[in-house]
Amino acid sequence: MNKSIAIIGAGISGITTAVLLQAFGFDVTIYTKEHLFSGTSNPKFASRFPSASIIPHSVSHRELNELFITSQSFFKKLLMSSFPGLTKHEHFELFAFDTEQPEYLSQMEDLKDFSNLDWCPSHSEIDTKSGWGYTCLFADWNFYFPHLIKKFTAQNGYIVQQDVDINRLSDLNEDIIINCTGIGSNQLHNENERLLILKGHLLRVKNTPDLKSPNGNTISFNFSPGFNLYSDSNSTPLDVYCYPRKNDWILGGSRFKGTLDKNNQWIPDDPDSESFPNQIESLNSDIIKNTFDIDLQQFTEREHQYSYRYVRKEKNGLRIEKDEASKKPLIHNYAHGGAGVTLSWGCAFRCIQLVLAELALSQVDCDDATERVSKAITSS
């Protein structure tokens with residue numbers, strides 16, 4: 001296939017979409033403002049800081065379940081092929097109040113309601129009233145993301161460090177453009193609505209041991225203690241989480257709302273978002289001590305981070321579609337909220353469907369796509 005594709009944005013969505021297109025013979029060039037290995041602390045480049053659970057949190061779309069199912073198919077295939085950084089955890093989502101089960105739980109393996117759990121992480125003073133446990137896929141970011149980039153470049157993929165905005169799209173030589181710029185997407189397309197951005201805080205604790213269940217499985221958890229103990233300024237309950245990776249833990253759990261000003265700068269709705277929430281450490285510390293008898297304070301090598309998750313709008317914010325107003329074929333793939341990693345393959349597959357439709361070529365099915373990707377990026 002001699003058609004060329006320009007992908008704007010080198011985060012997880014851009015890289016994943018590029019790798020999938022390569023597997024079908026397209027020539028792909030990625031344009032990025034931030035160099036992938038510059039060590040940037042720019043919170044707008046959220047793909048530098050994910051905890052990388054494969055769970056569709058903080059995202060809304062009318063076809064979310066379908067995109068998630070497709071994405072799961074790719075991740076499971078890559079896990080079977082021993083792609084670096086992919087693992088399975090015994091995961092728990094626990095609440096100190098009654099809550100309804102989200103739709104995505106129907107896609108999780110080994111699902112058990114809280115009342116049927118034999119064991120789960122627990123806080124010493126806050127009782128758990130509802131929740132569930134299941135087997136969950138995770139991507140260890142120190143291994144998964146760099147290896148994905150390596151595979152893209154090894155297959156003649158080009159990464160160009162160049163800022164591209166709406167006035168320069170015609171300068172690109174490629175036949176089709178895919179916009180994966182996330183929070184910078186309003187520079188490529190004028191949005192008329194208020195743009196919803198979530199600010200998330202993370203604490204990376206280094207040189208930590210693995211956390212194991214009585215069954216010997218690596219565990220991770222989310223815990224919601226109730227709005228009276230941890231919430232935003234509108235009393236919306238927030239949760240904390242602990243996601244173990246190789247040699248470190250990612251502790252997090254904040255989703256403070258904000259928007260962009262006319263200069264593309266994030267403006268917080270919540271004054272509490274400006275400081276690191278102490279609940280992320282204190283609640284996790286108690287659960288880890290109470291459950292595993294490990295003192296969080298003994299690990300002194302730490303790194304605080306925060307990043308912006310582009311939700312775009314409360315309902316159906318994810319944008320994965322062709323831009324009918326663009327002079328050159330332009331496909332949007334952005335506003336994944338807190339589920340950029342989770343939906344990366346599902347949205348990439350939707351992109352290739354749109355590309356094939358644009359070129360009047362036959363569509364492909366998910367099984368064929370997962371097989372091609374697996375062969376392409378797990379080969380030596």
Side-chain angles (χ1 to χ4, degrees), residues 1 5 7 11-26 28 47 50-57 59 61 63-91 104-111 134-157 178 180 217-218 220 243 245-246 320 333 336 339-356 362-380:
M1 213 171 273
I5 310 289
I7 294 180
I12 184 58
S13 298
I15 293 292
T16 306
T17 302
V19 167
L20 181 54
L21 287 164
Q22 277 185 328
F24 280 86
F26 290 97
V28 185
S47 288
S51 38
S53 60
I54 315 301
I55 308 170
H57 288 154
V59 63
H61 190 266
E63 298 177 19
L64 178 61
N65 205 43
E66 180 182 341
L67 291 170
F68 180 47
I69 291 171
T70 302
S71 212
Q72 286 269 61
S73 298
F74 280 87
F75 278 116
K76 289 176 180 178
K77 184 69 174 182
L78 293 178
L79 179 68
M80 290 174 58
S81 302
S82 301
F83 191 78
L86 289 180
T87 59
K88 280 188 174 183
H89 288 188
E90 190 174 344
H91 184 71
Y104 67 79
L105 284 184
S106 62
Q107 306 306 321
M108 297 305 192
E109 298 177 3
D110 308 316
L111 176 65
Y134 50 79
T135 299
C136 181
L137 289 164
F138 274 77
D140 190 323
W141 215 237
N142 293 324
F143 301 92
Y144 178 75
F145 192 46
H147 204 76
L148 206 58
I149 296 167
K150 179 180 178 181
K151 286 298 180 180
F152 169 71
T153 56
Q155 297 176 72
N156 300 317
I178 302 179
C180 299
N217 300 318
T218 298
S220 54
Y243 292 167
R245 307 188 304 191
K246 187 175 182 179
I320 178 80
N333 177 17
H336 305 91
V341 180
T342 299
L343 300 180
S344 56
W345 288 107
C347 289
F349 183 68
R350 182 62 55 86
C351 281
I352 198 170
Q353 290 177 313
L354 293 170
V355 167
L356 294 174
S362 300
Q363 289 293 319
V364 298
D365 61 32
C366 184
D367 290 342
D368 180 28
T370 56
E371 188 66 31
R372 287 195 187 212
V373 166
S374 177
K375 288 182 179 179
I377 68 177
T378 59
S379 60
S380 56

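All values derive from a computational prediction rather than experimental measurement.
- Annotation: the span from C136 atom SG to E90 atom CD amounts to 11.5 Å, rounded to 0.5 Å.
- Counting heavy atoms from C-beta outward, T87 and T218 have side chains that stay 4.5 Å or more apart.
- In this structure the side chain of T17 never reaches within 4.5 angstrom of the side chain of I5, judged on heavy atoms.
- With rounding to the nearest 0.5 angstrom, the CG atom of L20 is 12.5 Å from the CZ atom of R350.
- Taking 4.5 Å as the limit, some side-chain heavy atom of H91 sits within range of a side-chain heavy atom of Y243.
- In this structure, Q363 contributes its side chain and Q353 its backbone to a donor-acceptor pair below 3.5 Å.
- H61 has its side chain out of reach of E66: every pair of non-hydrogen atoms, C-beta onward, lies at least 4.5 Å apart.
- Checking side-chain atoms of S71 against main-chain N and O of W345 turns up a donor-acceptor pair under 3.5 Å.
- Applying the salt bridge (charged side-chain N to carboxylate O under 4.0 Å, His left out) rule to E109 yields the partners K76, K88; only residues at least two apart in sequence or on another chain are considered.
- Taken from CG in L137 to OG1 in T342, the straight-line distance is 9.5 Å, to the nearest 0.5 Å.
- The shortest distance between side-chain heavy atoms of I54 and F68 falls below 4.5 Å.
- Contact of the F349 side chain with the V364 side chain is registered, since non-hydrogen atoms from C-beta on lie closer than 4.5 Å.
- Below 30°, between 30° and 60°, or above 60°: for Y134 and Y104 the angle between ring planes is above 60°, a perpendicular geometry.
- Checking side-chain atoms of Q155 against main-chain N and O of K151 turns up a donor-acceptor pair under 3.5 Å.
- Side-chain contact between N142 and K246: absent, with no pair of heavy atoms (C-beta onward) separated by less than 4.5 Å.
- The shortest distance between side-chain heavy atoms of V355 and F24 does not fall below 4.5 Å.
- Checking side-chain atoms of S344 against main-chain N and O of V341 turns up a donor-acceptor pair under 3.5 Å.
- Of the N and O atoms on the side chains of T370 and S73, not one donor lies less than 3.5 Å from an acceptor on the other residue.
- Ring-plane geometry between F145 and W141 is classed as parallel, the angle between the planes falling under 30 degrees on a 0 to 90 degree scale with a further cut at 60.
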Q | Pair T16-F74, side-chain contact (heavy atoms from CB on, under 4.5 Å): steps then yes or no | A | CA-CA 11 Å; T16 306; F74 280 87; over 6 Å; no

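- At least one donor-acceptor pair closer than 3.5 Å links the side chain of Q22 to the backbone N or O of F152.
- To the nearest 0.5 Å, atom CG of residue L78 and atom CD1 of residue I377 are 4.5 Å apart.
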